[in-house]
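Right, one structure below, let's go through it.
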Amino acid sequence: MKIIYTSRSKILYIVTGLVMSIMSFTTCKSGSDKIVEESLLDQMEEGWNAIEPGGNTICSQGTPFSFYVRPGHKDKVLIFLNGGGACWSGDLCDLKIEPTPYIPFADFDHNVPDNHYGIFEIANEENPFKDWTMVFIPYCTGDVHLGNADKEYTTSRDTNIIIYHRGKANAMAAINWTAENIKDPEKIFVAGASAGSIASPYYAGVVAELYPASSVIQLGDGSGGYRSEVGAKETSLHWGTMNGIPTWLVEDQDKEFLTFEDIYILTSKKFPNIQFSQINAAYDKDQEYFLKLLGNESPLYPLLTENLNDIASVVPDFTYYTYSGNVHTVLRSPIFYTYTTEGVSIVDWVSQLADGQTPGVVSCGHPESCLVYVE
């Protein structure tokens, strides 16, 4: 199979043998189209290249899934799982009922890496990932990248809708492509924001299994406060989270679902050399919104603190950065370069992680002081 890579293309032409099937086309920002062998990262264009893997990948509404690759140093790879809400009922998943709490399509602006700041500001000299190879995994399945089910929901409009919760297939297509095309990197940084943050420790384990000789670092941005067994069970049943899950995530328990902290703890038991970490706002407004949808009215900070303590008590060298206020995620935001807590800037703390160090725990401290965001 050959693929035409175009910078900023959202969907690609796919050529199999002598048959060309035009899937979709968008005008590229710069450079000419280039036909390359799928396995040759060196021949990709500079900037972001879109890849539509096909197969069993699909977005929630049945539209195609695609992911992005930006070539850089082969010995340093960033795999980023994008966020964009979630849905687990007919009314939450139905695009005709507002509000719609998830991103349903891979080609939305939110799923294009050039539209983000923070670690995607390639020209910023402070960016610790500016020269890394980057794999950006869009999110369009409403299942925090962990779904493995096609679910029929009934809505309050008395209609039935089919939602393709195939986040696992989509993410694995991008990760398997990476494994096939980038051999034995020294370092792999698996990060996620929001919904992608929840899945990031799981996929750090998947990456560690595929790359046993590489150093693997994980960072979850903006999901640390999800502490609700009821919510975890409900969403897992709808999404098919446990379908096809690796044995190392279930062999120590008989539960039908995994809590947020379970994913860290069980993955760490199997892969103790992974560096696990988190970054959160103490009163992240988006996390509090979804907790309420799941039936948990508690303020975020106490839940976040309990989760962090549970993980830190079991996972070696687990570290975290908790900043004040209610801002949701920083890795895709300009504040990645401007915000400081306890005299430590976010960019410096993440840079230490990227360098293979274990930065110390940083926290805004007392619940009252954590309420106020001060740039």
Side-chain angles (χ1 to χ4, degrees), residues 75-81 117-121 124-132 134 185-194 196-198 200-201 203-205 207-208 214-225 260-261 263-265 267-268 271-282 284 301 304-305 307-325 327 329-366 369-370 373-375:
D75 60 345
K76 297 183 293 186
V77 179
L78 169 69
I79 297 175
F80 183 83
L81 296 141
Y117 298 92
I119 63 173
F120 301 107
E121 295 180 47
N124 192 321
E125 286 300 316
E126 292 186 77
N127 187 349
F129 304 103
K130 61 182 181 296
D131 58 355
W132 290 45
M134 295 184 177
E186 174 189 342
K187 193 181 303 181
I188 308 172
F189 199 106
V190 181
S194 192
S197 174
I198 296 174
S200 62
Y203 287 109
V207 167
S214 300
S215 173
V216 178
I217 305 156
Q218 176 273 340
L219 174 60
D221 174 20
S223 67
F260 174 83
E261 60 272 25
I263 301 176
Y264 277 91
I265 292 168
T267 304
S268 173
F271 305 101
N273 293 327
I274 296 175
Q275 170 65 66
F276 291 97
S277 59
Q278 282 189 42
I279 189 165
N280 293 276
D284 182 328
Y301 188 67
L304 173 64
T305 301
N307 272 348
L308 294 174
N309 288 341
D310 282 353
I311 297 169
S313 69
V314 178
V315 177
D317 297 324
F318 174 70
T319 190
Y320 56 89
Y321 187 118
T322 303
Y323 57 99
S324 60
V327 174
T329 75
V330 296
L331 292 180
R332 302 168 299 183
S333 167
I335 71 168
F336 178 74
Y337 298 102
T338 62
Y339 197 74
T340 297
T341 301
E342 291 190 323
V344 180
S345 69
I346 291 174
V347 64
D348 286 347
W349 191 85
V350 175
S351 294
Q352 289 182 57
L353 278 174
D355 285 341
Q357 304 173 49
T358 303
V361 168
V362 176
S363 177
C364 52
H366 195 271
S369 63
C370 287
Y373 173 82
V374 181
E375 189 170 338

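This chain uses plain numbering: 1 for the first residue, then up along the sequence. Computed over heavy atoms, backbone and side chain alike; hydrogens, waters and symmetry mates excluded. For clarity, every value in this text was computed on a predicted model and none was experimentally measured.
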Are the side chain of [X] and the backbone of [Y] linked by a donor-acceptor contact shorter than 3.5 Å?
{"X": "Asp348", "Y": "Val344", "result": "no"}
{"X": "Ser333", "Y": "Ile335", "result": "yes"}
{"X": "Thr267", "Y": "Ile263", "result": "yes"}
{"X": "Gln352", "Y": "Trp349", "result": "no"}
{"X": "Ser214", "Y": "Pro185", "result": "yes"}
{"X": "Trp132", "Y": "Phe189", "result": "no"}
{"X": "Gln275", "Y": "Asp317", "result": "yes"}

Heavy-atom closest contact ([X] atom, [Y] atom, distance):
{"X": "Ser223", "Y": "Ser197", "result": "OG-OG, 2.6 Å"}
{"X": "Phe336", "Y": "Pro128", "result": "CE2-CD, 4.1 Å"}
{"X": "Ser200", "Y": "Val190", "result": "O-CG1, 3.8 Å"}
{"X": "Ile198", "Y": "Phe260", "result": "CA-CE1, 4.3 Å"}
{"X": "Leu78", "Y": "Ala191", "result": "CD1-CB, 4.3 Å"}
{"X": "Ser313", "Y": "Asp310", "result": "OG-O, 2.7 Å"}

Given Leu353 and Leu219, is the side-chain contact (heavy atoms from CB on, under 4.5 Å) satisfied, shown in steps?
CA-CA 9 Å; Leu353 278 174; Leu219 174 60; 4.3 Å; yes

With a 4.5 Å heavy-atom cut-off, do [X] and [Y] have their side chains touching?
{"X": "Ile79", "Y": "Ile188", "answer": "yes"}
{"X": "Ser277", "Y": "Tyr320", "answer": "no"}
{"X": "Asp131", "Y": "Lys76", "answer": "yes"}
{"X": "Thr305", "Y": "Asn307", "answer": "no"}
{"X": "Val330", "Y": "Asp221", "answer": "yes"}
{"X": "Ser268", "Y": "Ile265", "answer": "no"}
{"X": "Phe120", "Y": "Phe80", "answer": "yes"}
{"X": "Val361", "Y": "Phe318", "answer": "no"}

Euclidean distance, [Y] [atom2] relative to [X] [atom1], rounded to 0.5 Å:
{"X": "Phe276", "Y": "Ile274", "atom1": "CZ", "atom2": "CD1", "answer": "4.0 Å"}
{"X": "Thr322", "Y": "Leu308", "atom1": "OG1", "atom2": "CG", "answer": "5.0 Å"}
{"X": "Leu81", "Y": "Tyr203", "atom1": "CG", "atom2": "OH", "answer": "7.0 Å"}

Please check if any side-chain donor atom of [X] sits under 3.5 Å from a side-chain acceptor atom of [Y], or the reverse.
{"X": "Tyr301", "Y": "Ser324", "answer": "no"}
{"X": "Thr341", "Y": "Tyr321", "answer": "yes"}
{"X": "Tyr264", "Y": "Gln218", "answer": "yes"}
{"X": "Glu342", "Y": "Ser363", "answer": "no"}

Please identify each residue that fulfils side-chain hydrogen bond (donor to acceptor under 3.5 Å, both in side chains) with Thr319, with sequence neighbours left out.
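Thr319 satisfies side-chain hydrogen bond (donor to acceptor under 3.5 Å, both in side chains) with no residue once adjacent residues are dropped.
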
Quick one: list whatever passes side-chain contact (heavy atoms from CB on, under 4.5 Å) with Asn280, sequence neighbours left out.
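Counting only residues at least two positions away or on another chain, Asn280 forms a side-chain contact (heavy atoms from CB on, under 4.5 Å) with Gln278, Gln287, Leu304.
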
Pair Met134-Phe129, side-chain contact (heavy atoms from CB on, under 4.5 Å): steps then yes or no
CA-CA 8 Å; Met134 295 184 177; Phe129 304 103; 3.7 Å; yes

Does a side-chain N-to-carboxylate-O contact under 4.0 Å join Lys187 and Asp75?
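No salt bridge links Lys187 with Asp75.
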
Taking the six-membered ring for Trp, is the centroid-to-centroid distance between Tyr339 and Tyr323 below 6.0 Å?
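Centroid separation for Tyr339 and Tyr323: below 6.0 Å.
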
Trace of the side-chain contact (heavy atoms from CB on, under 4.5 Å) decision for Thr340 with Ile346
CA-CA 6 Å; Thr340 297; Ile346 291 174; over 6 Å; no

Might you confirm whether atom OH of Tyr337 has over 12 heavy atoms from other residues, nucleotides or ligands at distances under 6.0 Å?
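Yes - once you tally the heavy atoms of other residues, nucleotides and ligands closer than 6.0 Å, there are more than 12.
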
side-chain contact (heavy atoms from CB on, under 4.5 Å) between Glu125 and Lys130, intermediate numbers included:
CA-CA 7 Å; Glu125 286 300 316; Lys130 61 182 181 296; 3.5 Å; yes

